[in-house]
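Note that the numbering runs from 1 along the sequence shown for the chain.
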Amino acid sequence: MKSGPLPGVDMPDDMAGPADAPRCGPLPTRVGVTEPGPQEPLAVVAAGPAGAGRPEVIAGLLRVHRAMLAVPAGSWLVVRHARVSTRAAYVPGYRQPHSYGADPLAAGPALARPPRRVELSLPDPLLRHFNVVDTPDTGALGAAGGPLLLDAIGRAGALLFVIAADQAFTAAELNLLAEVARAEVEVFFAVTPGATGWAPVPDGAATTEDAGASVPPAGTGAAPHGPGAETVDPVAVTVAAHRAALLSAVPRLADARWFPVGDDDGADLRRALVGWAADEGLRRASAEPPVLPGAHGRVPVLAEPGDWSEGLDRRARSCARRIRQHLALELANTHLRVVQEIVFGVGCAGLPQLLDREMEALSLLATAQCDQAVRGIVEECAGLVFGSPLPEGVRRRILAAVRWGLADHPAGQDLDRVLLVTSTAGVAGLTGAAAVDALAGYPGAPRAEVLPPVAVALSGGCWQHWRSPGNDDANAARAWAQRALREIELELSREVSRRFEVVRLSLSAVLADAVDHGILLA
């Protein structure tokens with residue numbers, strides 16, 4: 001496979017097609033912190049390095065046994081509210097989740113591969129305010145895991161970063177926090193005791209016996225200071241040191257709140273999270289009017305609608321071609337990273353986990369590109385018929401009509417399709433909305449887009465094959481990865497072409513019907 005530009009680099013202008021063809025418009029070249037929609041459920045995403053005690057902090061917040069939160073390495077944990085405790089694992093390649101059972105001491109089922117996510121339902125009152133999402137350790141995310149985490153944080157609305165007293169922020173963590181700081185996301189920091197407890201009192205620290213000395217309240221992170229400081233609190237000193245180290249690299253997080261979490265259950269942190277959820281819930285509820293402009297009533301067609309039909313054909317082909325080219329470049333970059341990790345990093349045994357996360361990030365990017373391209377096509381072509389810009393209510397009615405019309409065309413059958421990489425470096429298909437849902441690390445609100453998400457994952461056979469002691473040949477793993485990525489490129493290319501062809505047919509039928517009747521009937 002040929003190498004391409006690094007992820008995040010804009011596509012060259014000459015890759016959009018001939019000069020006389022309609023441009024597809026800007027497409028996302030990477031996935032970052034997304035703006036949460038009004039229908040997205042409130043959630044707090046917990047992240048942090050290994051050994052920071054993140055599961056213990058979550059267990060204290062939810063008042064559950066630590067073992068209840070155990071998940072396979074690399075899997076996400078989504079904790080929701082329910083009257084009855086349940087635990088289920090969502091594994092790519094299956095349409096139904098696997099029940100774990102609610103007993104924290106019970107062993108999980110024997111799975112061919114780790115699940116993308118485990119959902120835990122608990123009757124804890126805190127979960128009435130927001131969901132809790134635990135993520136893999138930041139050190140294990142890699143290049144592909146960062147965008148997945150950023151997307152989840154944006155849709156959830158809040159990040160809880162847990163770090164131990166004897167740990168320091170890595171460069172990758174500071175880069176992640178810097179990107180979070182640029183978005184409208186609430187950030188909380190929890191500092192836990194390290195392996196040797198809290199930081200010791202500095203040598204030669206000045207103390208006084210003046211009355212009125214006090215330790216700053218939780219959530220400020222400030223160390224005792226001033227003439228009234230009687231002692232130096234090691235907890236406050238540790239929190240202040242972590243905060244100073246962070247702000248030197250990410251000054252935008254000056255308003256983030258810090259909480260030391262020791263042997264208690266984090267009562268101050270719990271109250272702060274509930275307060276955020278109350279404010280954020282009101283903000284999201286008021287972000288969208290109850291009735292969108294153009295959501296009801298007849299929408300007249302312009303007296304002389306432009307030549308929308310030919311423009312629709314050319315733009316659909318242009319968008320499909322550009323997305324195919326970009327995905328090919330992303331897969332080429334993925335191949336380079338995978339080969340590097342096989343030789344110098346995770347080796348053959350870690351190949352399935354690495355490639356599966358790469359495919360999850362690629363699926364998220366391909367889905368975002370297809371969604372944005374379809375919205376652009378609808379905006380341009382429907383704008384020629386009904387006038388531009390389209391009211392939001394009219395746009396949603398058209399999108400809904402196009403979505404309903406997909407099944408009327410043979411190419412629109414089974415768009416809910418999972419591409420599973422097999423142990424022989426082939427690609428198998430599995431259809432069904434439930435099968436696609438099993439691939440989401442953090443599922444959000446029901447999609448309102450025209451097309452279902454792109455879904456690529458590794459089958460359980462890949463895990464069984466490369467974790468076998470006899471399959472540790474690096475050259476064989478490199479050859480297998482190259483064949484597998486080539487097959488994924490071919491399947492994704494066909495899938496993208498099919499999707500835009502059926503969108504073209506469905507949108508053409510909706511607009512032609514509106515032009516014939518003089519009004520939008522959807």
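- Side-chain contact between Pro114 and Gln353 is present, with heavy atoms from C-beta onward closer than 4.5 Å.
- At a threshold of 4.0 Å, the pair Arg116-Asp437 does not count as salt-bridged, since none of the basic side-chain nitrogens sits closer than that to a carboxylate oxygen.
- Residues Glu360 and Leu439 have side chains not in contact (no heavy-atom distance under 4.5 Å, counting atoms from C-beta outward).
- Between the Ser468 side chain and the Asn471 main chain, no donor and acceptor come within less than 3.5 Å of each other.
- Looking at Ser75, its side chain does come within 3.5 Å of a backbone N or O of Pro115 through a donor-acceptor pair.
- The backbone N or O of Ala52 lies less than 3.5 Å from a partner atom in the side chain of Thr192, making a donor-acceptor pair.
- Between Leu69 and Asp134, the closest side-chain pair of non-hydrogen atoms is not below 4.5 Å.
- In terms of modelled atom types and a separation under 3.5 Å, the side chain of Arg54 and the main chain of Gly48 share a donor-acceptor contact.
- Residues Leu327 and Gln369 meet the side-chain proximity criterion, which asks for heavy atoms closer than 4.5 Å.
- A salt bridge links Glu489 to Arg486: one of the charged nitrogens lies within less than 4.0 Å of a carboxylate oxygen.
- Taking the six-membered ring for Trp and thresholds of 30 and 60 degrees, Phe169 and Phe161 have ring planes inclined between 30 and 60 degrees apart.
- Residues Leu61 and Val132 fail the side-chain proximity criterion, which asks for heavy atoms closer than 4.5 Å.
- Residues Leu351 and Val346 have side chains not in contact (no heavy-atom distance under 4.5 Å, counting atoms from C-beta outward).
- Using a 4.0 Å cut-off between charged side-chain N and carboxylate O, Arg284 and Glu280 make a salt bridge.
- Formation of a donor-acceptor pair under 3.5 Å by the Arg113 side chain with backbone atoms of Ser459 is not found in this model.
- Counting only distance, with no hydrogens or angles, the side chain of Trp198 and the backbone of Val239 share no donor-acceptor pair below 3.5 Å.
- Contact check for Leu273 versus His129: no side-chain heavy atoms found under the 4.5 Å cut-off.
- Checked for salt-bridge contact, Glu184 and Arg283 miss the test: no charged N lies under 4.0 Å from a carboxylate O.
- Judged by distance alone, with hydrogens and angles left aside, the side-chain atoms of His242 form a donor-acceptor pair with the main-chain N or O of Ala164 at under 3.5 Å.
- Salt bridge present: Glu495 and Arg499 bring a charged side-chain N and a carboxylate O closer than 4.0 Å.
- In this structure, Asn333 contributes its side chain and Leu329 its backbone to a donor-acceptor pair below 3.5 Å.
- Relative ring orientation between Phe259 and Phe188 is described as tilted, the plane-to-plane angle lying within the 30° to 60° band.
- Counting heavy atoms from C-beta on, the side chains of Leu355 and Leu485 come closer than 4.5 Å.
- When Val45, Thr34, Val185, Val33 are each tested for a side chain to side chain contact (heavy atoms under 4.5 Å, CB included) with Leu150, only one passes: Val33.
- Counting non-hydrogen atoms of other residues, nucleotides and ligands closer than 6.0 Å to CZ of Arg375 gives a total above 12.
- Counting only distance, with no hydrogens or angles, the side chain of Gln167 and the backbone of Gly194 share no donor-acceptor pair below 3.5 Å.
- For the pair Arg270 (side chain) and Gly60 (backbone), a donor-acceptor distance under 3.5 Å is present.
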